[in-house]
Every structure is written in structure tokens, then in C-alpha cells.
Amino acid sequence: MTSFGEALTRGLGGDFKLVPPAPYNGDHEKWDDWSWQLKRYISLYKPIAKMLMDRVESLSTEVTDAQTDEFDHQNGGTLRLTEFSRQLHYLLAQVTEGSARVTVRMNEDDNGFETWRLLNERFAVPYRAKGVSL
């Protein structure tokens, strides 16, 4: 039986030795860099999932499995994004801590794309505020 550390070293893709980014703790200043790293990690294994992650960031309503299935259908219907959504939720649970993990735990439906939307909603600095800080 493999340890959890060995499983993370294997990554989502199985034999690849690429590890996800270090855990995110809810620090607003680190969100942009951490989320960028995580989406790049996801795009290594499921590029279309990264596209859906980008899309859900701007939504103000809950992401449902039906929406995930519709996105899958529009892109060929064989991507199994609803199944991947559960893997994404689990990954997010493993690479968050503190207030970020509390946000992940609040999504009891295990829809990883909804979890991603909730994290982005809570921790991303609004676009307008980014421009002001520059």
C-alpha cells in the first residue's frame, strides 16, 4: 500500500512525478500565484478542465453537475468532467488548509468546479482592486 505522500508524488496522472503546488492557507495575497500554479497542474492532466475552471471563476451562481455535463457534451461528450470534478474536489481538499480548507469542506456535493468557484469567490482580489493596488 502506498503512503499519501507517495500518492501525491504520483499526481493525478498516475506515473508522472509532478506534484501539485504547496497547500494554500487562505492568504489573499498568495491566491493569484497559487491558483495559477494549480490550474497549470490541472491542465497537464485534463486541459479542458482548466478551461472550465477559468469559466466558473466569473459565475455568481452555483456550478451544478448538469452544467458540467453540458460543457462536456459541447466539447465532445467523452471527457467525463463530472467524474473528474470529484477528483478535483479531493485534490482541493488535499492542497488547502486553514480558512481555504473550510471553504472546500462547505461544498458537501463534492463538485470540484463549484469548490473552485467558491475558493475564487472568497480569496481572489477583485479585478478593480488589482488595478488600484498597482
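Just so it is clear, the values below take in all heavy atoms, side chains as well, and ignore hydrogens, waters and symmetry mates.
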A.B. asks: Could you check whether any side-chain heavy atom of F84 comes within less than 4.5 Å of a side-chain heavy atom of F113, counting everything from C-beta outward?
C.D. replies: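 Side-chain contact under 4.5 Å: yes.
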A.B. asks: Could you state the interatomic distance from CE (M53) to CG (L88), rounded to the nearest 0.5 Å?
C.D. replies: 5.0 Å
A.B. asks: With a 4.5 Å limit on heavy-atom distance, are the side chains of V19 and Y41 in contact?
C.D. replies: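 A side-chain contact is absent here, since even the closest heavy-atom pair is not under 4.5 Å.
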A.B. asks: Would you compute the distance between atom NZ of K46 and atom CG of L81 and round it to the nearest 0.5 angstrom?
C.D. replies: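 Between K46 NZ and L81 CG, I get 6.0 Å after rounding to 0.5 Å.
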A.B. asks: Which value, rounded to the nearest 0.5 Å, describes the distance between I48 atom CD1 and N75 atom CG?
C.D. replies: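 The CG atom of N75 is 4.0 Å from CD1 of I48, to the nearest 0.5 Å.
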A.B. asks: How close do S99 and G26 get, heavy atom to heavy atom, and via which atoms?
C.D. replies: OG-CA, 3.6 Å
A.B. asks: Taking side chain to side chain donor-acceptor pair (under 3.5 Å) as the test, write out the residues that go with R40, two or more places apart.
C.D. replies: none
A.B. asks: Mind checking ring-ring contact (aromatic ring centres under 6.0 Å, His included) for F123 and listing every partner two or more places apart, or none if nothing turns up?
C.D. replies: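 Counting only residues at least two positions away or on another chain, F123 forms a ring-ring contact (aromatic ring centres under 6.0 Å, His included) with Y24, H28.
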A.B. asks: Measuring from atom CD1 of I42 to atom CG of D54, what distance do you get when rounded to the nearest 0.5 angstrom?
C.D. replies: 11.5 Å
A.B. asks: Could you grab the distance from atom OG1 of T115 to atom CG of N120, nearest 0.5 Å is fine?
C.D. replies: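 Interatomic distance, T115 OG1 to N120 CG, rounded to 0.5 Å: 12.5 Å.
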A.B. asks: Please find the pair of heavy atoms, one from G112 and one from S85, that lie closest to each other, and give the distance.
C.D. replies: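 Heavy-atom minimum between the residues: N-OG, 2.8 Å.
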A.B. asks: Who are the side-chain contact (heavy atoms from CB on, under 4.5 Å) partners of R86, not counting sequence neighbours?
C.D. replies: D65, T82, D110, N111
A.B. asks: Would a single hydrophobic cluster contain both L44 and W34, if residues Ile, Leu, Val, Met, Phe, Trp and Tyr are joined by side-chain heavy-atom contacts under 4.5 Å?
C.D. replies: yes
A.B. asks: Not counting sequence neighbours, which residues clear salt bridge (charged side-chain N to carboxylate O under 4.0 Å, His left out) with E97? List them please.
C.D. replies: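 Salt bridge (charged side-chain N to carboxylate O under 4.0 Å, His left out) list for E97, sorted by chain: empty.
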A.B. asks: Under the side-chain contact (heavy atoms from CB on, under 4.5 Å) rule, collect the residues that match up with R117, sequence neighbours excluded.
C.D. replies: V56, L59, V63, E114, E121
A.B. asks: Are side-chain heavy atoms of V95 and Y90 found at a separation under 4.5 Å?
C.D. replies: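 SC-SC contact between V95 and Y90 ruled out.
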A.B. asks: Are the side chain of R101 and the backbone N or O of A93 linked by a donor-acceptor pair below 3.5 Å?
C.D. replies: yes
A.B. asks: Report yes if the side chains of P20 and L91 come closer than 4.5 Å at any heavy-atom pair, otherwise no.
C.D. replies: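 Side-chain contact under 4.5 Å: yes.
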A.B. asks: Quick check for you: to the nearest 0.5 Å, what is the distance between R80 atom CZ and Q87 atom CD?
C.D. replies: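 The distance works out to 8.5 Å.
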A.B. asks: Could I get the full list of side-chain contact (heavy atoms from CB on, under 4.5 Å) partners for S35, not counting sequence neighbours?
C.D. replies: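 Checked S35 against side-chain contact (heavy atoms from CB on, under 4.5 Å); matches are W31, W116.
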A.B. asks: Among all residues two or more places apart in sequence or in another chain, which pass the salt bridge (charged side-chain N to carboxylate O under 4.0 Å, His left out) test with E57?
C.D. replies: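 E57 satisfies salt bridge (charged side-chain N to carboxylate O under 4.0 Å, His left out) with K39 once adjacent residues are dropped.
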A.B. asks: Does T64 have any side chain to side chain donor-acceptor pair (under 3.5 Å) partners at least two apart in sequence or in another chain, and if so, which?
C.D. replies: Q67
